[in-house]
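Contents: one structure, followed by commentary.
One is the number of the first residue; the rest follow in order along the sequence.
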Amino acid sequence: GWPQPPLRMMLFDLPVKNLTTAKWVEDFKQQQQLWKIDYWQNVSEFERARLQRADWVPEELAPVKHQQQAMDGKPIIPGLCFALRYEDEIVGWHFTHKLDDQTIRFSVSYIRPDLQQDLLLLKLWYHAGIEAEKAGYIKARLGVSIRHKSMMQFCERFLSPLAERIEYSKGAFKLLLAEEEAVWV
């Protein structure tokens, strides 16, 4: 009597090296330095508070929710968490969490909507890949919820060619017991 499990997420596993050698990397090497990548730890409290009030920041991707640890409790790697600045204003961010000694997870990355067409997210991922290689990580994992159709298409386009494996996360729930409290599995 279990329902059919719906698709929840698309998961990409890739060698970090593939991020730094992707064919789209050449576009960033030729770009003018209009965009500055800074370590997240250099973002001031004032800037963090301003981001919390910004109307373009989706609640579930807000930096305040991810800057210490991932939703599953995995620790951030400060040297692999970045802010993207344009004219000294923060217009995007990227947080990386540690899964194990060889593997990182790109947990939360976001660019202000009016700048997303500039593919700046790839610039952040490229930079994170370079820093991850320096730190000795060899594998990266990234997941995207099917609720974010545009992001899913973006990842399919740019990460699928780099991925060693793509998995689909599904899940189903069923009420097993209903008394004072419901028990779910």
Side-chain angles (χ1 to χ4, degrees), residues 9-43 47 51 54 56-58 60-63 65-67 70 76-99 102-168:
M9 294 187 79
M10 195 170 183
L11 304 166
F12 298 85
D13 290 320
L14 54 145
V16 170
K17 186 78 175 155
N18 289 4
L19 285 169
T20 61
T21 60
K23 63 182 180 179
W24 36 261
V25 166
E26 289 306 312
D27 295 338
F28 304 130
K29 291 180 179 176
Q30 296 170 13
Q31 252 183 15
Q32 292 181 356
Q33 295 302 318
L34 300 172
W35 314 98
K36 180 184 175 208
I37 296 176
D38 194 3
Y39 289 105
W40 184 258
Q41 60 199 20
N42 294 337
V43 174
E47 290 173 308
L51 280 173
W56 59 270
V57 177
E60 77 177 296
L61 301 176
K65 291 185 175 186
H66 307 280
Q67 64 190 4
I76 66 160
I77 306 169
L80 299 178
C81 296
F82 308 102
L84 182 68
R85 297 176 184 273
Y86 178 70
E87 296 179 352
D88 211 37
E89 181 183 344
I90 295 175
V91 297
W93 51 86
H94 169 79
F95 292 101
T96 304
H97 296 90
K98 182 177 180 173
L99 295 181
Q102 295 184 343
T103 311
I104 56 174
R105 180 178 59 219
F106 286 5
S107 296
V108 177
S109 305
Y110 191 69
I111 303 294
R112 198 173 72 195
D114 62 312
L115 300 172
Q116 290 175 359
Q117 74 280 357
D118 295 332
L119 303 180
L120 298 169
L121 195 52
L122 296 178
K123 185 175 180 104
L124 277 173
W125 289 348
Y126 168 66
H127 188 76
I130 290 171
E131 295 301 314
E133 278 186 322
K134 289 180 191 174
Y137 293 99
I138 59 172
K139 295 185 267 182
R141 178 163 250 228
L142 183 143
V144 60
S145 170
I146 62 150
R147 290 180 294 128
H148 304 294
K149 299 277 186 232
S150 295
M151 183 61 168
M152 205 162 124
Q153 291 169 343
F154 182 84
C155 289
E156 282 181 304
R157 178 178 173 196
F158 291 101
L159 294 182
S160 289
L162 310 178
E164 287 183 335
R165 184 175 66 187
I166 300 172
E167 294 178 330
Y168 299 91

### Message
So, using salt bridge (charged side-chain N to carboxylate O under 4.0 Å, His left out) as the criterion, who are the partners of Lys134 when residues are at least two apart?
### Response
Glu131
### Message
Any non-hydrogen side-chain atom of Cys81 less than 4.5 Å from a side-chain atom of Gln41?
### Response
no
### Query
Do Leu19 and Leu159 come within less than 4.5 Å of each other through their side chains, counting heavy atoms only?
yes
### Task
Give the minimum heavy-atom separation between Thr20 and Gly129, together with the two atoms involved.
CG2-C, 3.5 Å
### Task
Specify the closest pair of heavy atoms between Ala62 and Val57, including all atoms of both residues, with the distance to one decimal.
CA-CG1, 3.8 Å
### Query
Are any non-hydrogen side-chain atoms of Ser107 and Ile76 less than 4.5 angstrom apart?
no
## Note on the structure
Applying salt bridge (charged side-chain N to carboxylate O under 4.0 Å, His left out) to Arg85 and not counting sequence neighbours gives Asp38, Glu47, Asp88
#### Entry: CG-CG distance between Asp118 and Leu121, expressed to the nearest 0.5 angstrom
12.0 Å
#### Entry: Spacing of OG belonging to Ser145 relative to CE belonging to Met152, to within rounding of 0.5 Å
8.5 Å
### Task
Answer yes or no: is there a side-chain heavy-atom contact under 4.5 Å between Leu162 and Phe12?
no
### Task
Classify the angle between the aromatic ring planes of Tyr86 and Trp35 as parallel (below 30°), tilted (30 to 60°) or perpendicular (above 60°).
tilted
### Task
Would you check if Phe154 and Arg157 make a side-chain contact, meaning some heavy-atom pair closer than 4.5 Å?
no
### Task
Report the distance from atom NE2 of His127 to atom CG of Leu84, rounding to the nearest 0.5 Å.
10.0 Å
### Message
Holding to salt bridge (charged side-chain N to carboxylate O under 4.0 Å, His left out), I want the full list of residues that pass it with Lys139, two or more places apart in sequence or in another chain.
### Response
none
### Query
Considering residues at least two apart in sequence or located in another chain, which fulfil the side chain to side chain donor-acceptor pair (under 3.5 Å) criterion with Ser160?
none
## Note on the structure
dist Lys23:NZ -> Phe158:CZ (nearest 0.5 Å) comes out at 9.5 Å
#### Entry: Counterpart residues, side chain to side chain contact (heavy atoms under 4.5 Å, CB included), relative to Ala132 (two or more places apart)
Val16, Leu80, Ile104, Tyr137
## Note on the structure
Applying salt bridge (charged side-chain N to carboxylate O under 4.0 Å, His left out) to Arg165 and not counting sequence neighbours gives Asp13, Glu167
### Task
Please identify each residue that fulfils ring-ring contact (aromatic ring centres under 6.0 Å, His included) with Tyr110, with sequence neighbours left out.
Trp93
### Query
Can you name the residues that form a side chain to side chain donor-acceptor pair (under 3.5 Å) with Thr21, not counting sequence neighbours?
none
### Message
On a heavy-atom basis, which atom in Gly92 and which in Trp56 lie closest, and how many Å separate them?
### Response
N-CH2, 4.4 Å
### Query
Say you draw a straight line from CD1 of Ile37 to OH of Tyr126; how long is it, rounded to the nearest 0.5 Å?
10.0 Å
### Query
Does His94 have any side chain to side chain donor-acceptor pair (under 3.5 Å) partners at least two apart in sequence or in another chain, and if so, which?
Thr96, Ser109
### Query
What residues, two or more places apart in sequence or in another chain, satisfy side chain to side chain contact (heavy atoms under 4.5 Å, CB included) together with Met9?
Leu11, Ser169
#### Entry: Heavy-atom closest pair, residues Tyr39 and Pro78
CD2-O, 4.0 Å
### Query
Relative to the ring of Trp40, is the ring of Phe95 parallel (under 30°), tilted (30 to 60°) or perpendicular (over 60°)?
perpendicular
### Task
Only counting residues at least two apart or in another chain, list the ones meeting side chain to side chain donor-acceptor pair (under 3.5 Å) with Glu89.
Arg112
#### Entry: Glu133 bridged to Lys17 by N-O distance under 4.0 Å
yes
### Task
With sequence neighbours left out, write down each residue that passes side chain to side chain contact (heavy atoms under 4.5 Å, CB included) with Pro161, or none if nothing qualifies.
none
